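Note that the structure is predicted; figures quoted are calculated from it, not measured.
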Amino acid sequence: MNDLYEIADQMNEALKEYYRPVDLSKEQIRHLILSFGKIGHVEKAPSKALQSIIKGGKIMAVDGSNNSYGGLYPHYIEIYRGVAISSMDKKDDIVKSSYFCPLLSGDEGEKGRDRERRLAQIELEVALTAIEHSPSVLIMDGSLIRYHIFQEELYKELTKCCIDQGIILVGVIEDLKTSILYDLIHNKKGPIFYDREGFYNNLEIGEFVVFDPGKTKKEESGIYPTFLRSSKDPYVIGVDFLQEQKGFFEEILSLLYTLTPEGSRGIPQLLDIADQHCKITDKAVEEVLRHSIDPIIFEKILRPQRNKRSR
């Protein structure tokens, strides 16, 4: 184990050196934000405006997950599940599942991007079914840009339905991969830093950030990005809106803040429930396949050789 501790120490020093040129104070980060946008604050208690947006109170949260079982290409099966959870009636909850097996498709493709496309597809299919239940707000897990990239036609269909029916569509991003703060520093000296670390502990609980028009790349895809610190956790979440619905962003941020437990990691509880419902564990996948797939086919095609190693 000594060799592992040694490389961990080396990595620690390298990371500290990497961030030294962009190790900005809280005051410097907030000044940077105010140079290109606005810092505001929302309250937890729903206002009359918020109550009018949620109307009958039905909010739906959509999440998806995938897992695979087997060995290397093409001897594996991928399972996909998408769920929509209602805040009012469990009868409105939706579950959809699908599978992909390279042996049956004959198409290797770009595996990583193909998985993203299939996952985005089942999430959008669930979302399109969810709007048949007339929610006031539809919360998607992750950035809306992901659907725009991987399933453009289905995403266009969903956004049109939401706009036409007055359903507020939002994407909640837990693990920020954007670099808006870095991109706004014109000289861009030093290493790149992401909004995940740029916003870290630099907003107070209940504070949000929006940027001035033309300052973010997401606008080109019709998305209005915002950021919110919704709990005691020092990280912020990203919240994407459609440009056509950005006038509602403060009310919806207040709604998300209200739905988020103070001591949590900052994700609205309804979305966390959706995440728990859609997860497919390794054990569950193996049990289902062992029960459903012909034993000879299972052993011949799917069972990974690594599972036969002696313990």
Side-chain angles (χ1 to χ4, degrees), residues 37-64 83-88 123 127 130-131 135-147 158-159 162 166-178 180 195-196 199-200 202-211 216 218 223-278:
K38 165 190 172 183
I39 298 175
H41 187 273
V42 290
E43 299 293 336
K44 266 213 181 245
S47 63
K48 289 183 179 179
L50 175 60
Q51 293 170 8
S52 70
I53 283 194
I54 62 176
K55 299 174 186 174
K58 183 184 293 183
I59 305 155
M60 297 193 77
V62 174
D63 197 2
V83 302
I85 301 296
S86 171
S87 64
M88 290 184 65
E123 290 176 354
I131 63 176
S136 298
V137 181
L138 187 61
I139 305 171
M140 308 292 289
D141 178 58
S143 174
L144 297 182
I145 196 73
R146 181 166 66 92
Y147 304 110
L158 178 65
T159 57
C162 287
I167 299 168
I168 308 300
L169 178 67
V170 297
V172 173
I173 307 109
E174 177 179 1
D175 194 5
L176 297 175
K177 299 293 195 304
T178 53
I180 295 173
D195 294 325
R196 171 187 168 92
F199 282 116
Y200 181 85
N202 288 317
L203 296 184
E204 302 301 323
I205 300 173
E207 282 190 329
F208 67 83
V209 169
V210 291
F211 289 100
T216 69
K218 285 188 176 183
I223 294 169
Y224 184 69
T226 68
F227 300 89
L228 171 69
R229 183 173 176 186
S230 53
S231 73
K232 290 181 178 179
D233 192 278
Y235 289 101
V236 304
I237 60 171
V239 186
D240 285 349
F241 294 85
L242 299 177
Q243 284 286 346
E244 294 88 343
Q245 298 177 336
K246 65 182 181 181
F248 299 108
F249 87 87
E250 285 197 52
E251 290 90 342
I252 299 301
L253 291 182
S254 178
L255 168 65
L256 298 176
Y257 186 29
T258 303
L259 292 173
T260 303
E262 187 177 50
S264 72
R265 70 189 194 285
I267 299 301
Q269 194 166 31
L270 192 65
L271 196 55
D272 252 350
I273 294 171
D275 175 72
Q276 293 163 14
H277 276 70
C278 76

Would you find a donor on one side and an acceptor on the other, under 3.5 Å apart, between the side chain of [X] and the backbone of [Y]?
X: K44; Y: G206; result: no
X: S230; Y: G266; result: yes
X: K58; Y: S136; result: no
X: D195; Y: I180; result: yes
X: S254; Y: E250; result: no
X: Q245; Y: L242; result: no

Nearest 0.5 Å, please: how far is [atom2] in [Y] from [atom1] in [X]?
X: M60; Y: I85; atom1: CE; atom2: CD1; value: 7.5 Å
X: E207; Y: K38; atom1: CD; atom2: NZ; value: 11.5 Å
X: I39; Y: E204; atom1: CD1; atom2: CD; value: 9.5 Å
X: L271; Y: L256; atom1: CG; atom2: CG; value: 9.0 Å
X: D141; Y: E174; atom1: CG; atom2: CD; value: 7.5 Å
X: F241; Y: T226; atom1: CZ; atom2: OG1; value: 4.5 Å

Discussion item. Can you tell me how the ring of F211 sits relative to the ring of F199, calling it parallel under 30°, perpendicular over 60° and tilted otherwise?
Written reply: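 It falls in the tilted class, 30° to 60°.
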Answer yes or no: is there a side-chain heavy-atom contact under 4.5 Å between [X] and [Y]?
X: V42; Y: L228; value: yes
X: L253; Y: V239; value: yes
X: V209; Y: V236; value: no
X: T178; Y: K218; value: yes
X: R265; Y: Y235; value: no
X: T159; Y: Y147; value: no
X: V137; Y: F248; value: no
X: C162; Y: I131; value: yes

Worksheet item: Between the side chains of K177 and S143, is a donor N or O closer than 3.5 angstrom to an acceptor N or O?
Response: no
Fill in: side-chain contact (heavy atoms from CB on, under 4.5 Å) assessment of E262 paired with K232
CA-CA 6 Å; E262 187 177 50; K232 290 181 178 179; 3.5 Å; yes
Looking at every non-hydrogen atom in both residues, tell me the closest pair between [X] and [Y] and how far apart they are.
X: D175; Y: R196; answer: OD1-NH1, 2.8 Å
X: I223; Y: Q243; answer: O-NE2, 3.0 Å
X: S231; Y: T260; answer: CB-CG2, 4.3 Å
X: L138; Y: A130; answer: CD1-CB, 4.1 Å
X: I267; Y: P261; answer: O-CD, 4.2 Å
X: T216; Y: P225; answer: OG1-CG, 3.6 Å

Practice prompt. Please determine if E123 and R146 form a salt bridge, counting it only when a charged side-chain N lies under 4.0 Å from a carboxylate O.
Written response: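 Judged by the 4.0 Å cut-off on N to carboxylate O distance, E123 and R146 do form a salt bridge.
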Worksheet item: Would a line drawn from the ring center of F208 to the ring center of F249 be shorter than 6.0 Å?
Response: yes
Item to complete: Give me the one residue out of V172, I173, L169 that meets side chain to side chain contact (heavy atoms under 4.5 Å, CB included) with D240.
Response: I173
When you look at [atom1] of [X], are more than 12 heavy atoms from neighbouring residues, nucleotides or ligands closer to it than 6.0 Å?
X: E244; atom1: CD; result: yes
X: Q269; atom1: CD; result: no
X: H277; atom1: NE2; result: no

Worksheet entry | I59 and L259: CA distance, side-chain angles, deciding distance, side-chain contact (heavy atoms from CB on, under 4.5 Å) verdict | CA-CA 11 Å; I59 305 155; L259 292 173; 4.2 Å; yes
